[in-house]
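The chains referred to below are lettered A, B, ... by the order of the sequence lines, with proteins before strands, and numbering in each begins at 1. Computed from a predicted structure; not experimentally measured.
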Amino acid sequence: MATVKSKNIRVRIAPSPTGYLHIGTARTALFNLLFAKHNNGKFVLRIEDTDLERSDKKFEKDIIESLKWLGLAWDEGPYRQSDRLEIYEKYVNKLLNENLAYYCFCSKEDLETERQTMLAQGLAPKYSGRCRDLKSEEVKKRLDAGASHVIRFKTPEARVTFKDLIRGEISFDAALLGDMTIAKDPKIPLYNFAVVVDDEEMKISHVIRGEDHIANTPKQILLQKALGFKTPQYAHLPLILDPDRSKMSKRYSATSIQEYRDQGYLPQAIINFLAFLGWHPKEEREIMSLKELIKEFELNRVQKAGAVFNIEKLGWLNMQYIKSFDNSELAETLGVAATEENLKIIDLTKPRMKKLSEFKDLAGFFFNLPEYDSKKLIWKTTPISTTLENLQAVEKLLSELTEKQFSKENLESVFSEITKERGRGEVLWPLRFALSGLDASPGPFEIMEALGKKETLKRLQIAIQKLESRS
RNA sequence: GGUCCUAUCGUCUAGCCUGGUCUAGGACGCCUCCCUUUCACGGAGGAAACACGGGUUCGAAUCCCGUUGGGACUACCA
């Protein structure tokens, strides 16, 4: 295998527990894992919970559980930013002491007015730097008075250029950025700052994340330089899009892994599907396991443009995986007892299921015969009387068989004569309908095998009675 | 508005780096047919794309420039 020589590759997935594990986050996690494992690197999980108001333990729990369910195992963590506050504080103070950051006392209202004014002038909105040169005595005085504040980084006016592993060179003019906020207080870091500190402390070599973070990259690089940190390699993944080509959102579709899990999508199918959203192996293949994906994954084969989430294809993939399961395995995932009868039912239902959740609807008739209109027993233009005669003939034929003879193969041969005499459609359609009560179902021989002699006869008699009461 | 990213069938994509083998390949979806009592599976076939305009070149889906379209970002969220 063409692996990069042990270059201490370390990547991370850094979800914030402000919602359930998002499809996009799962895909980012997957690509990170794929890249790490392909190169014998480490995959770190870091929970970015610096936003106390929006973070919730229940989301953290869901993220961890969903990641596990998908089979995306991390090597280190979960680290929690809320457990690392002293580390950020140390670095905030460092910047403050070196006069690379400063306290800002501007009110939100003032900032907003400033922003609007600049926007109206067609300028890139950025902070004016009003508090940048406040005298230290003044700062101390205001701090002592308990004035509300924030800490800003003195953004240098420079051109920031970095090489994105997927997109090539990307360049920003930092002069347009303005002095960004890095913390609300030395003890309360903000996203861009916490990320930079953690990536350094955790020796992250490659930052693989969504395209929506491209604009954050120059900010983080500037911070790294000020702090004397190394700059990791960056790779920005294309976004997952809704059918209207906007960033996938709750408004349009189910966005949490948990929802797909509840609907009966298999983790293998989701992984396979997500991997192919923005990536493709060299060969023309569609079905790949996580292991195979790891083997084949190359960052330079990642697509640059966003990819629409195609639920139809997920459904098809899911069906492929469902079909690949053996019956007892499927019984277990469905939470159904692996009795002989159930296994037969599963076997017949398997090729018809796009989602596990469809099992109930598809297989329900095996357990309870649905109510149906006796008209439905009639094949095309067959007269009622003929249909009745045919069913009676079938009943007679079947009642002479032993339970053992109720196998698909045997029943087929038993029926060869009667279907020749009376017509396949004329015999088999009413039989199948009597057995299933449904317009669409597996074939009558298969159903009879699963149902057994007693139940088959019972259902046949119900149909016969229905027809008799009609005529 | 500004900044940045981006552009092959309806969708996911192969091909693009290293121009000719592209009459542009595969998959999902769609259509037709086969199998078949129905539905599904399976099998065979079909319709369907290089956004546009300039260059460069003997030759461009592939390289360059521009236009247009699409998207992301633009917080004391992450």
Side-chain angles (χ1 to χ4, degrees), chain A residues 14-19 25 48-51 53-55 81 104 106-108 111-112 115 118-126 148-152 164 166-168 170-173 176-178 180-185 188 190-192 194-195 210-218 236 238-239 241 243-247 273 276-287 300-301 303-317 319 323 348-354 362 376 379-380 419 423-433 436 438-444:
Chain A
S16 66
T18 54
T25 312
E48 306 217 322
D49 58 352
T50 50
D51 185 340
E53 274 105 78
R54 296 202 306 148
S55 292
Q81 290 189 325
C104 169
C106 295
S107 72
K108 278 186 186 174
L111 257 20
E112 186 52 30
R115 220 180 81 87
M118 295 197 71
L119 225 40
Q121 291 172 261
L123 298 168
K126 63 169 192 177
S148 80
H149 59 267
V150 77
I151 298 166
R152 286 181 186 276
D164 188 285
I166 293 167
R167 287 149 214 282
I170 300 178
S171 182
F172 286 88
D173 183 2
L176 265 25
L177 261 28
M180 59 177 141
T181 49
I182 55 170
K184 294 189 180 185
D185 192 77
I188 312 173
L190 258 11
Y191 168 71
N192 279 123
V195 164
E211 190 185 0
D212 46 350
H213 283 291
I214 290 181
N216 284 322
T217 309
H236 288 94
L239 258 20
L241 273 23
D244 68 352
R245 301 207 76 87
S246 63
K247 189 163 127 180
F273 176 71
F276 278 66
L277 235 37
W279 178 85
H280 199 275
K282 274 201 187 70
E283 313 80 57
E284 278 169 351
R285 286 220 270 167
E286 306 294 332
I287 314 279
N300 58 18
R301 292 188 66 80
Q303 207 76 11
K304 292 203 253 290
V308 174
F309 187 93
N310 183 188
I311 191 84
E312 300 271 7
K313 194 153 188 175
L314 208 212
W316 175 79
L317 264 172
M319 192 181 70
K323 280 196 298 179
L348 297 178
T349 313
K350 221 160 45 164
R352 289 153 224 269
M353 261 193 290
K354 283 210 161 143
L362 256 19
K376 291 280 199 173
W379 168 246
K380 291 186 177 167
T419 51
R424 286 187 77 83
E426 285 78 357
V427 174
L428 265 17
W429 171 269
L431 205 214
R432 189 195 62 76
F433 209 99
S436 69
L438 297 172
D439 287 328
S441 79

In this structure, CZ of A:Arg167 is separated from CD of A:Glu211 (nearest 0.5 Å) by 4.0 Å
How long is the gap from CE on A:Met180 to SG on A:Cys104, to the nearest 0.5 Å?
14.0 Å
Considering only the C1' atoms, how many Å lie between B:U36 and B:A44, rounded to the nearest integer?
16 Å
Watson-Crick or G-U wobble mate for B:U57, both contacts under 3.5 Å
none
For A:Phe273, what residues pass the ring-ring contact (aromatic ring centres under 6.0 Å, His included) criterion, not counting sequence neighbours?
A:Phe309
Separation of A:Lys304 atom NZ from B:C16 atom P, in whole Å?
12 Å
Between B:C12 and B:C52, how far apart are the two C1' atoms, rounded to whole Å?
24 Å
Determine the Euclidean distance between corresponding P atoms of B:G2 and B:U11; express it in Å to zero decimal places.
29 Å
Among residues at least two apart in sequence or on other chains, which ones pass side-chain hydrogen bond (donor to acceptor under 3.5 Å, both in side chains) with A:Thr181?
none
Report the residue (A:Gln303 or A:Met353) whose heavy-atom-nearest nucleotide on RNA chain B is the more 5′ of the two.
A:Gln303
I'd like to check A:Thr50 versus A:Ile188 (side-chain heavy atoms, cut-off strictly below 4.5 Å). Are they in contact?
no
Gap in Å between the two C1' atoms, one belonging to B:G25 and one to B:C65, rounded:
30 Å
Spacing of A:Arg152 atom CZ and A:Leu190 atom CG [to the nearest 0.5 Å]:
10.0 Å
Can you tell which of B:U6, B:U38, B:G2 lies closest to the side chain of A:Ser441?
B:U38
Roughly how many Å is it from CZ in A:Phe433 to P in B:U36, rounded to a whole number?
22 Å
Answer yes or no: is there a side-chain heavy-atom contact under 4.5 Å between A:Phe276 and A:Lys313?
no
Name all residues meeting the side-chain contact (heavy atoms from CB on, under 4.5 Å) criterion together with A:Ser16; count only those two or more places apart in sequence or in a different chain, and write none if there are none.
A:Thr18, A:Glu48
Starting at atom CG of A:Asn300, determine the distance to atom C1' of B:C16, rounded to an integer number of angstrom.
13 Å
Reckon A:Pro442 touches a base, only the sugar-phosphate, or nothing at all at heavy-atom distances under 4.0 Å?
base
Considering every strand and a 4.0 Å limit on heavy-atom distances, what is the contact class for A:Gly278: base, sugar-phosphate, or nothing?
sugar-phosphate
Of B:A14, B:G2, B:U38, the nucleotide closest to the side chain of A:Ala124 is B:G2
Send over the distance from A:Trp279 CH2 to B:A14 C1', rounded to a whole Å.
12 Å
Close side-chain approach of A:Lys376 to A:Asp439, heavy-atom, < 4.5 Å:
yes
Given that both distances must come in under 3.5 Å, which nucleotide forms a Watson-Crick or G-U wobble pair with B:G19?
none
Reading 5' to 3' through nucleotides 21-33 of chain B, protein heavy-atom contacts under 4.0 Å coded B for base, S for sugar-phosphate only, - for none
----BBBBS----
I'd like to compare against my own output: the B/S/- annotation of nucleotides 67-78 of chain B with a strict under-4.0 Å heavy-atom distance to protein.
---SSSSSSBBB
Partner of B:C33 by Watson-Crick or G-U wobble geometry, both contacts under 3.5 Å, or none?
B:G43
Whole-angstrom distance between B:U21 and B:C16, as gauged at atom C1'
15 Å
Across every strand shown, the nucleotide meeting Watson-Crick or G-U wobble geometry with B:G69 (both distances under 3.5 Å) is B:U6
Taking B:G26 as the reference, what is the distance to B:A14 when you measure between their P atoms (whole Å, please)?
15 Å
CD1 of A:Ile214 versus P of B:C5: gap in Å, rounded?
7 Å
With sugar-phosphate meaning primed atoms plus P, OP1 and OP2, does A:Thr349 contact a base, only sugar-phosphate, or nothing at under 4.0 Å between heavy atoms?
nothing
With respect to the phosphate group of B:C17, does any side-chain polar atom (N or O) of A:Arg167 fall under 4.0 Å of OP1 or OP2?
no
Taking atom NZ of A:Lys126 as the centre, does the number of heavy atoms from other residues, nucleotides or ligands within less than 6.0 Å exceed 12?
yes
It should be established whether A:Lys323 places a side-chain nitrogen or oxygen under 4.0 Å from OP1 or OP2 of nucleotide B:G42.
yes
For A:Asn300, enumerate each residue passing the side-chain contact (heavy atoms from CB on, under 4.5 Å) test, keeping only those at least two apart in sequence or located in another chain.
A:Glu298
Quickly work out the A:Asp173 CG to B:G2 P distance and round it to whole Å.
15 Å
Distance between the C1' atoms of B:C35 and B:G42, in whole angstroms?
8 Å
P gap between B:G66 and B:A47, integer Å:
38 Å
Watson-Crick/G-U partner (both atom distances under 3.5 Å) of B:A78:
none
Answer whether the closest heavy-atom distance between the side chains of A:Asn192 and A:Val195 falls below 4.5 Å.
no
Watson-Crick or G-U wobble partner for B:A48, using a 3.5 Å limit on both distances?
none
